[in-house]
Amino acid sequence: MFASDMNPARDAGRVTTAGAVLFPIQFTWPHGGRSVFLSGSFNRWTELVPMSQVEGCPNVFQAVYAVPLGCHEYKFFVDGEWRHDERQPHKTVEYGIVNTFDAMPIPAEVPLVHPRSEILNNMEVDNGLMHRVSAVTLNQAMPRISEEDVTASRHRIAVYLQAHTAYELLPESGKVVALDVALPVKQAFHILSEQGIPLAPLWDFRRGKFVGVITASDFILILRELVNNRSNLTEEELETHSIAAWKEGKAYLKGQVDGHGRPIPKELIYASPSENLKDVALKILQSGVAIVPIIHLEDGLFPQLLHLASLAGILKCICRYVKHCPSSLPILQLPIYAIPLGTWVPRIGESSSRPFAMLRLTASLSSALDMLVEAHVSSIPIVDDNDSLVDVYCRSDIMALAKGRAYTHNLNEMTVHQALQLGLDSNPPYGTRSQRCQMCLRTDTLLKVMEQLANPGVRRLVIVEAGSNRVEGITSLTDIFRFLLG
């Protein structure tokens with residue numbers, strides 16, 4: 001199968017074991033051919049990965065492949081002959097010339113929306129060492145839309161949101177679960193799991209007010225701290241520790257203390273029914289929370305918890321509005337790759353504004369929890385051996401560990417597959433399987449993506465390659481609103 005200048009045995013030791021964190025990389029062969037494949041040290045040179053011809057560019061072939069951390073070598077198998085790309089970094093080794101690249105993690109940052117002129121100026125870069133060809137330029141002609149149209153579209157949406165209030169988010173009927181801060185952590189964990197919800201506002205009876213929110217992230221931090229300290233969680237520990245005690249311990253854990261070593265109290269971020277939707281959306285974005293409680297305050301009375309406002313509910317309102325005037329909002333017809341919207345798989349040698357990593361089903365649950373916390377992401381794509389999407393592990397999936405007290409098990413020994421299976425078995429009302437694994441294509445319009453994200457329980461879409469379902473990126477409700485309100 002392999003040409004004489006390749007020796008797969010030499011690189012067998014360079015590939016990490018199953019379950020390692022993977023970094024998806026986009027490979028491009030821009031030099032034509034009838035059939036093009038990819039192989040490298042990341043798959044021990046034992047697999048030929050087929051590369052797809054880019055529509056409208058017959059000489060360009062692309063493939064996304066997830067690789068472990070480290071330095072890698074690769075080549076292209078073009079029409080039965082091994083070749084390397086002279087415009088990519090390359091070196092001569094014992095068995096010929098190979099292309100090289102490093103897969104390295106990078107700090108998480110909030111993605112910025114760049115002006116279209118800046119996107120166009122950076123689509124092709126030639127620094128003398130390598131030539132990076134953007135998937136955007138190769139796919140099809142970049143849709144043309146002026147900065148004036150973008151500004152006008154954003155203004156119309158902002159005006160609409162300012163003219164409508166949080167009161168309009170309230171459903172005709174429904175319930176809101178709130179927990180007392182004196183409740184033991186164990187009971188809170190099981191209540192949220194039984195109710196099929198990942199979070200709840202916290203009520204302090206002594207102070208007569210809502211004081212915060214307990215979320216799936218709190219339980220992730222609790223379990224992760226116990227794993228890091230090499231201790232197993234016991235029923236007694238969860239039974240005796242109250243939510244209030246955990247919140248105080250969390251402040252110490254994060255160094256949120258004053259000069260006297262006392263935890264700094266955090267004020268609850270909430271909205272009144274009369275606040276406009278733009279202000280509510282900005283509160284969610286700026287505070288980095290998933291929801292904002294809508295609370296009615298009246299002198300002399302206890303505050304009334306009316307609803308939990310989320311970006312999904314606000315986006316649903318926007319979709320109803322734009323349905324009647326799509327022609328006046330030209331940005332809605334832009335494909336998401338042209339914006340660009342979301343976090344994308346980096347090209348070879350390219351740094352990204354945010355880390356992007358995937359996991360296999362065989363990865364340990366503790367590695368998934370570490371990634372959720374350290375990368376500041378809410379979900380991780382789970383892929384098969386062909387890097388095709390099979391599932392998504394989200395922060396809210398931690399609630400499934402309440403089933404059969406699975407949280408008392410060693411999380412280093414539990415796999416992501418086993419953890420996801422717990423969620424399937426418990427069949428929670430929040431987030432069905434079809435909602436969890438929602439996908440879209442890079443060519444889908446902004447409007448289509450918005451309509452998908454406006455559905456209940458859908459917080460993100462995984463961007464996949466048509467046909468193979470190989471992961472190309474991920475976009476979320478937060479990405480949508482940062483663009484619309486940018």
N412 side chain to S364 side chain, donor-acceptor N/O pair below 3.5 angstrom: no

Shortest non-hydrogen contact between A290 and I284, atoms and distance: O-CG2, 4.4 Å

All side chain to side chain donor-acceptor pair (under 3.5 Å) counterparts of S379, not counting sequence neighbours: R460

salt_bridge(R206, D180) N-O dist < 4.0 Å: no

Qualifying residues under salt bridge (Lys or Arg N to Asp or Glu O under 4.0 Å), relative to K278, sequence neighbours excluded: none

Chi angles and distances behind the side-chain hydrogen bond (donor to acceptor under 3.5 Å, both in side chains) call for D479, S476: CA-CA 5 Å; D479 294 322; S476 67; 3.2 Å; yes

Charged N-O contact under 4.0 Å between D218 and K247: yes

Basic-acidic side-chain contact under 4.0 Å: E465, R442: no

OH (Y160) with more than 12 external heavy atoms under 6.0 Å: yes

Partners passing side chain to side chain donor-acceptor pair (under 3.5 Å) against D279 (at least two apart in sequence or in another chain): N276

Salt bridge R224-E374, side-chain N to carboxylate O under 4.0 Å: yes

All ring pair (Phe, Tyr, Trp, His ring centres under 6.0 Å) counterparts of F302, not counting sequence neighbours: W203

Side chain to side chain donor-acceptor pair (under 3.5 Å) partners for S274, two or more places apart: S272

F210 vs I295, side-chain contact (heavy atoms from CB on, under 4.5 Å): CA-CA, chis, key distance, verdict: CA-CA 9 Å; F210 290 99; I295 299 175; 3.8 Å; yes

Beyond-backbone contact of L411 with L223, side-chain heavy atoms, under 4.5 angstrom: yes

Closest approach of P303 to L297 (non-hydrogen atoms, all atoms of both residues): CB-CD2, 3.3 Å

Geometric class of the F219/F189 ring pair [parallel <30°, tilted 30-60°, perpendicular >60°]: parallel

Sidechain N-carboxylate O distance under 4.0 Å for K209, D204: no

K266: partners by side chain to side chain donor-acceptor pair (under 3.5 Å), with sequence neighbours left out: none

